[in-house]
Amino acid sequence: MNTAATVVPEPGTLLRALRPGSRAIVRVTGSGVDGLAVVDAATLTRPRTIPLSVVRPYEVLYRPRPPRSGYVPIAEADFVHRLLDAALCKALDRDDPHAVDYVRAHPDSASGGLARLGYEYEQAGPACTKALARAGYGAEPAPQHVSGFGSAVRFCRQDRRHLCPALVAPPWDLRGWEPWSCDRERGHAEPHHNIAMGYHWTDHCGEG
């Protein structure tokens, strides 16, 4: 008998549909006796409820015969990468696998992260900003994270746009970088500070 406790996804969690051919991704907004309240992640529309029983752990994808129905968690960075890739494909009227160089984001959806784009901001920024806004993010250019060609966009949850956009500096190879964000107000004079980490830092990437 399976006695493992069912883990209820927290509000903000992203879930990807396993149905073959489906690109559906939903964001959890709450939970109750009937299941999970969700909305389409890319538009925050179509509120509905899905049974908790259809949510599967990510590990099922490594089975010899993974399930072909239900939902599994998807990382914030992976969702934003797909979102921006689709937005740029439409805006540029062509499929460019290098349009989005990389996206790094903290698992906490409120903190957001950084998207590095393969085009200058004038070409790619407006389409990306619009797509991010529809999905509930605030976004702004982040030229301090760019060296050479291309551009970068700093994104975070809309209700955190009044906070400093600084991120903990990445390692040189970006490996494992899930950037914590600063929790101070914009224009602060003190070092950057993340409350959850109890961590202060000063660097060249952001305000401070």
Side-chain angles (χ1 to χ4, degrees), residues 12-14 16 23 25-27 39-45 74-188 192-194 201 203-208:
T13 299
L14 291 161
R16 175 175 67 86
R23 296 183 178 180
I25 298 176
V26 299
R27 191 180 290 278
V39 293
D40 286 349
T43 60
L44 303 183
T45 58
I74 179 173
E76 199 82 21
D78 293 339
F79 165 65
V80 173
H81 196 292
R82 295 184 187 203
L83 181 76
L84 299 186
D85 188 65
L88 289 177
C89 180
K90 182 177 180 180
L92 300 171
D93 198 25
R94 63 178 180 274
D95 186 11
D96 182 351
H98 304 294
V100 182
D101 187 12
Y102 65 78
V103 177
R104 296 291 187 274
H106 195 269
D108 170 18
S109 61
S111 296
L114 185 81
R116 182 69 163 83
L117 309 176
Y119 291 84
E120 297 297 327
Y121 189 82
E122 291 72 17
Q123 293 176 279
C128 291
T129 299
K130 183 177 179 180
L132 287 164
R134 292 181 69 203
Y137 300 100
E140 60 189 273
Q144 68 271 33
H145 289 278
V146 178
S147 176
F149 185 77
S151 59
V153 173
R154 167 76 168 101
F155 62 92
C156 64
R157 205 170 63 192
Q158 283 279 11
D159 61 1
R160 289 178 60 94
R161 290 203 67 185
H162 65 287
L163 299 180
C164 173
L167 298 170
V168 171
W172 68 271
D173 60 358
L174 297 176
R175 184 173 299 173
W177 190 44
E178 294 181 336
W180 287 95
S181 60
C182 179
D183 293 324
R184 297 193 188 278
E185 296 289 329
R186 286 177 181 263
H188 64 82
H192 302 308
H193 179 220
N194 183 277
W201 77 98
D203 60 42
H204 64 283
C205 295
E207 301 177 2

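Predicted, not measured: the structure shown is a model, and the values here were computed from it.
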**Report entry** Student check: side-chain heavy atoms of Pro165 and Arg186 closer than 4.5 Å
**Finding:** yes
Query raised in the report: So, do Cys182 and His188 sit near enough that their side-chain heavy atoms are less than 4.5 Å apart?
Result: yes
Requested in this report: Determine, step by step, whether Val80 and Val100 satisfy the side chain to side chain contact (heavy atoms under 4.5 Å, CB included) criterion, reporting the C-alpha distance in whole Å, the side-chain angles of both residues, the deciding distance to 0.1 Å, and the verdict.
Outcome: CA-CA 10 Å; Val80 173; Val100 182; over 6 Å; no
Query raised in the report: Do the side chains of Arg134 and Leu44 get nearer than 4.5 Å, heavy atoms only?
Result: no
Query raised in the report: So do Pro107 and Glu178 actually touch side chain to side chain, heavy atoms under 4.5 Å?
Result: yes
Report summary line: Between the NE2 atom in His81 and the CD atom in Glu76, the distance rounded to the nearest 0.5 Å is 14.5 Å
Query raised in the report: Is a side-chain donor or acceptor of Ser151 paired with a backbone partner of Tyr119 at a separation under 3.5 angstrom?
Result: yes
Report task. Check each of Leu14, Thr13, Val26 against Ile74 using the side chain to side chain contact (heavy atoms under 4.5 Å, CB included) test, and report the only one that passes. Result -> Leu14
Query - Shortest non-hydrogen separation from Asp96 to Asp85 and the atoms involved - result: O-OD1, 3.9 Å
Requested in this report: Assign the ring pair His145 / Trp177 to parallel, tilted or perpendicular, where the plane angle (0 to 90°) is split at 30° and 60°.
Outcome: tilted
**Report entry** Side chain Glu120, main chain Gly150, donor-acceptor under 3.5 Å
**Finding:** yes
Report task. Establish, from distance only, whether the side-chain atoms of Ser181 and Arg160 form a donor-acceptor pair under 3.5 Å. Result -> yes
